[in-house]
Visitor: 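Okay, here's the structure, questions in a sec.
Just so it is clear, the model here is predicted, and its values are computed rather than measured.
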Amino acid sequence: MSVTAIRGFNDILPGDTEAWRHIEQTAWSIFSAYGFSEIKLPIVEKTELFARSIGETTDIVEKEMYTFADRHGDAITLRPEGTAPAVRAYIEHKLYTAPVTRLYYTGPMFRYERPQKGRYRQFYQIGAEVLGDESPRADAETLSMLMKFFGTLKVKGATLQVNSLGDASCRPAYKKKLYEYLKEHSSGLCENCLRRIETNPLRALDCKATGCIEATRNAPSLVDSLCEGCATHFDKVRYFLKLYGIEPVINPRMVRGLDYYTRTTFEITADTGLGSQNAVAAGGRYDGLVSELGGPSTPCFGFAIGIERLSLLLERSQVPSSPLTVFIALGIDAEKKGVELISLWRSSGIRVVEDFSTGALKTRMKRADRLGAAFAVILGENELAEGVVTIKDMKNAAQETIAWDRVAGIIGGAGK
RNA sequence: GUGGACGUGGCUCAACGGUUAGAGCACUGGACUGUGACUCCGGGGGUUGGGGGUUCGAAUCCCCUCGUCCACCCCA
């Protein structure tokens with residue numbers, strides 16, 4: 001066996017890249033209409049950045065990071081998510097001098113997990129962050145932007161689940177309440193959750209083990225334990241979502257896997273046919289992260305979209321594609337003229353390749369067909385003499401003779 | 001990280017432990033020297049994922065390993 005790609009690291013091949021491009025372009029045009037600007041971030045960061053922001057006891061930091069020593073012995077990590085680097089850049093470049101900063105980015109993330117369909121070790125996200133806005137309207141508007149994005153891509157069955165995790169003034173108290181409850185009702189808990197009681201009791205709430213679901217059925221509810229500020233914030237987020245015509249599912253048991261979230265958290269699921277890999281976007285508010293990483297106290301809201309999962313949802317028919325034209329020259333004079341004509345057509349936006357082979361026209365037509373040509377353009381001696389070209393529509397076999405300067409118009413017009 | 005299913009030409013899949021591992025599609029040459037998709041005839045292409053073992057004999061049974069997929073875990 002020759003050298004292959006590393007497990008969990010995939011090539012995205014032509015045929016799939018069109019859908020990816022469509023997704024990224026759609027995101028770009030919608031996000032930019034909402035005032036977001038793109039930021040390009042490094043793929044590798046100091047390990048410490050992720051350990052401090054995501055949380056030492058999270059699965060990501062405990063067992064999923066690609067961490068190496070570089071040549072100087074410093075611990076560096078392939079980014080497992082985009083928010084921490086974005087926040088790091090925000091602080092490092094003092095972007096907080098602006099009243100609000102809206103950033104988006106796209107690129108690969110890395111997590112050492114067992115690969116499955118829709119879940120890879122290198123996977124791609126589109127992320128967006130609103131930094132410096134505490135208003136619940138920021139949450140709601142950003143969510144509505146996301147829903148609009150999914151709507152534009154015609155994603156079926158996109159549903160929004162939201163929850164509030166509280167903040168520094170109410171979560172610790174709730175955590176304690178839950179901790180005590182779990183201590184008393186620990187009998188049915190799975191092994192994992194028994195450990196979580198100490199490390200991160202909230203996670204027991206969204207454990208899928210039946211014993212844990214039983215045991216936590218009557219556990220104190222997070223939503224009921226929110227402090228005044230968090231409760232109103234959550235109410236307002238829901239109110240404004242309704243204003244945008246969005247009816248979210250309130251899921252008080254949804255707990256995110258990253259420690260920095262406060263108040264609003266959410267997840268958008270769609271019918272991916274992937275079972276547990278049905279989350280195509282998720283995120284929430286992280287009002288404490290910027291200050292924890294050394295910046296000024298800055299309330300933020302952000303999310304990430306999983307491109308692989310999303311691309312599985314797109315029907316091929318709705319991914320725009322531009323038709324390919326294959327040019328066939330018959331004879332050396334036609335070849336010469338072709339050089340000039342093709343360049344002209346390309347300049348007017350026609351996608352054209354020349355078939356450089358020299359066999360029988362039959363064979364070359366067959367090659368054109370296999371190249372996926374929408375049109376074959378033939379320039380032979382006859383055409384050359386008359387200043388025309390023969391255009392064949394490969395779909396319906398219709399064929400006509402067209403003057404050179406009209407070719408781009410005909411093909412370009414038929415393209416859409 | 002745990003449990004399971006599966007790896008056979010480029011693709012989809014056949015082949016009871018028993019000749020030279022087959023078929024369809026794809027590829028290629030011809031019928032057909034300016035017209036693809038349809039038809040007909042011919043041709044090439046395999047270390048049966050890799051390694052080891054059992055056996056007179058292994059694609060088939062056993063072990064290891066790599067990979068894909070599924071469930072769990074977790075997440076995008």
Visitor: Give a yes/no on whether any side-chain N or O of A:Arg114 is located under 4.0 angstrom from OP1 or OP2 of B:G67.
Guide: no

Visitor: By the 4.0 Å heavy-atom rule, please label A:Ile378 as base, sugar-phosphate, or nothing.
Guide: base

Visitor: Provide the distance between the two C1' atoms, one in B:G45 and one in B:G34, to the nearest whole Å.
Guide: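 About 33 Å, rounded to a whole number of Å.
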
Visitor: Determine the interatomic distance between C1' on B:A23 and the same-named atom on B:G9; round to the nearest Å.
Guide: 12 Å

Visitor: Any strand counts, and the cut-off is 3.5 Å on both contacts for Watson-Crick or G-U wobble. Which nucleotide pairs with B:C32?
Guide: none

Visitor: Would you mind classifying the nucleic acid contact of A:Leu258 as base, sugar-phosphate or nothing, using non-hydrogen atoms under 4.0 angstrom?
Guide: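 Sugar-phosphate only.
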
Visitor: Name the nucleic acid region contacted by A:Thr390, choosing base, sugar-phosphate or nothing; use a 4.0 angstrom heavy-atom cut-off, strictly under.
Guide: base

Visitor: Regarding A:Lys366, tell me which of base, sugar-phosphate or nothing describes its non-hydrogen contacts under 4.0 Å with the strands shown.
Guide: sugar-phosphate

Visitor: Which heavy atom in A:Glu113 sits nearest to a heavy atom in A:Arg121, and how many Å separate them?
Guide: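 Heavy atoms of A:Glu113 and A:Arg121 come nearest at O-NE, 2.7 Å.
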
Visitor: Give the intermediate values and the outcome of side chain to side chain contact (heavy atoms under 4.5 Å, CB included) for residues A:Tyr105 and A:Thr83.
Guide: CA-CA 10 Å; A:Tyr105 48 85; A:Thr83 297; 4.0 Å; yes

Visitor: Return no unless some side-chain N or O of A:Lys63 is found under 4.0 Å from OP1 or OP2 of B:G1.
Guide: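 So the side-chain polar atoms of A:Lys63 never come under 4.0 Å of the phosphate oxygens OP1 or OP2 of B:G1.
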
Visitor: Are the aromatic ring centres of A:Phe36 and A:Tyr104 under 6.0 angstrom apart?
Guide: no

Visitor: Can you confirm whether the side chains of A:Arg367 and A:Ser357 place a donor and an acceptor under 3.5 Å from each other?
Guide: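 Yes - a donor-acceptor pair under 3.5 Å links their side chains.
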
Visitor: Picking from B:G36, B:C69, B:G34, which would you name as closest to the side chain of A:Lys117?
Guide: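 Given the options B:G36, B:C69, B:G34, the side chain of A:Lys117 is closest to B:C69.
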
Visitor: Tell which nucleotide pairs with B:G24, taking only Watson-Crick or G-U wobble pairs whose two distances are both under 3.5 angstrom.
Guide: B:C11

Visitor: At their closest point, which heavy atom of A:Val353 faces which heavy atom of A:Arg346, and how far apart are they?
Guide: CA-NH2, 4.0 Å

Visitor: If only side-chain N and O atoms of A:Arg7 are considered, is one of them under 4.0 Å from the OP1 or OP2 phosphate oxygen of B:G67?
Guide: yes

Visitor: With a non-hydrogen cut-off below 4.0 angstrom, is A:Glu381 in contact with a base, only sugar-phosphate, or nothing?
Guide: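 Base, at least one base atom sits under 4.0 Å.
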
Visitor: Using a cut-off of less than 4.0 Å, is there contact between a side-chain N or O of A:Arg256 and OP1 or OP2 of B:A76?
Guide: yes

Visitor: Tell me the interatomic distance from A:Tyr105, atom OH, to B:A76, atom C1', rounded to whole angstroms.
Guide: 11 Å

Visitor: Name the closest nucleotide to the A:Gln399 side chain, picking from B:U35, B:G34, B:A76.
Guide: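 Closest nucleotide among those given: B:U35.
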
Visitor: Is there a donor and acceptor pair, one atom on the side chain of A:Lys362 and one on the base of B:G34, closer than 3.5 Å?
Guide: no

Visitor: Of the nucleotides B:A76, B:A37, B:G1, which one has an atom closest to the side chain of A:Ala282?
Guide: B:A76

Visitor: Counting any heavy atom closer than 4.0 Å, what does A:Ala397 reach on the DNA or RNA strands: base, sugar-phosphate only, or nothing?
Guide: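 Counting heavy atoms under 4.0 Å across all strands, the contact made by A:Ala397 includes a base.
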
Visitor: Please work out if A:Gln122 contacts a base, only the sugar-phosphate, or nothing of the nucleic acid, heavy-atom cut-off 4.0 Å.
Guide: nothing

Visitor: With rounding to whole Å, what would you report as the distance between B:C38 and B:A31 at their C1' atoms?
Guide: 15 Å

Visitor: Can a side-chain donor-acceptor contact be found between A:Asp167 and A:His233 if the only test is distance below 3.5 angstrom?
Guide: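 Per modelled atom types, A:His233 and A:Asp167 side chains form no pair under 3.5 Å.
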
Visitor: For residues A:Tyr124 and A:Trp20, establish whether the separation of their ring centroids is below 6.0 Å.
Guide: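 They qualify: ring centres under 6.0 Å apart.
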
Visitor: Please work out if A:Ala281 contacts a base, only the sugar-phosphate, or nothing of the nucleic acid, heavy-atom cut-off 4.0 Å.
Guide: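 Since only primed, P, OP1 and OP2 atoms lie under 4.0 Å of A:Ala281, the category is sugar-phosphate.
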
Visitor: Among B:U35, B:G36, B:A76, which nucleotide sits nearest the side chain of A:Leu361?
Guide: B:U35

Visitor: Work out how far the C1' atom of B:A37 is from that of B:G3, and round it to whole angstrom.
Guide: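 B:A37 and B:G3 have their C1' atoms separated by 48 Å.
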
Visitor: On the nucleotide B:C27, are OP1 or OP2 found under 4.0 Å from the side-chain N or O atoms that A:Arg370 carries?
Guide: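 Affirmative; the distance criterion is met.
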
Visitor: For A:Ala368, report the nucleic acid contact type (base, sugar-phosphate, nothing); a contact means any heavy atom under 4.0 Å.
Guide: nothing

Visitor: For B:U12 versus B:G18, give the span between their P atoms, rounded off to a whole number of Å.
Guide: 26 Å

Visitor: Taking only N and O in the side chain of A:Gln116, is any of them less than 4.0 Å away from OP1 or OP2 of B:U68?
Guide: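 A:Gln116 to B:U68 OP1/OP2: no side-chain N or O under 4.0 Å.
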
Visitor: Taking atom P in both B:G7 and B:G49, compute the distance separating them and give it to the nearest angstrom.
Guide: 8 Å

Visitor: Remember a base hit wins even if backbone is also touched, and classify A:Tyr120 as base, sugar-phosphate or nothing at under 4.0 Å, heavy atoms.
Guide: base

Visitor: Expressed in whole Å, how much space separates the P atoms belonging to B:C72 and B:G53?
Guide: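 About 40 Å, rounded to a whole number of Å.
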
Visitor: Say we look at B:G22 and B:C32: how far apart would their P atoms be, to the nearest angstrom?
Guide: 33 Å

Visitor: Any base atoms under 4.0 Å from A:Glu267, or only sugar-phosphate, or nothing? Heavy atoms, all strands.
Guide: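 It contacts nothing in the nucleic acid.
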
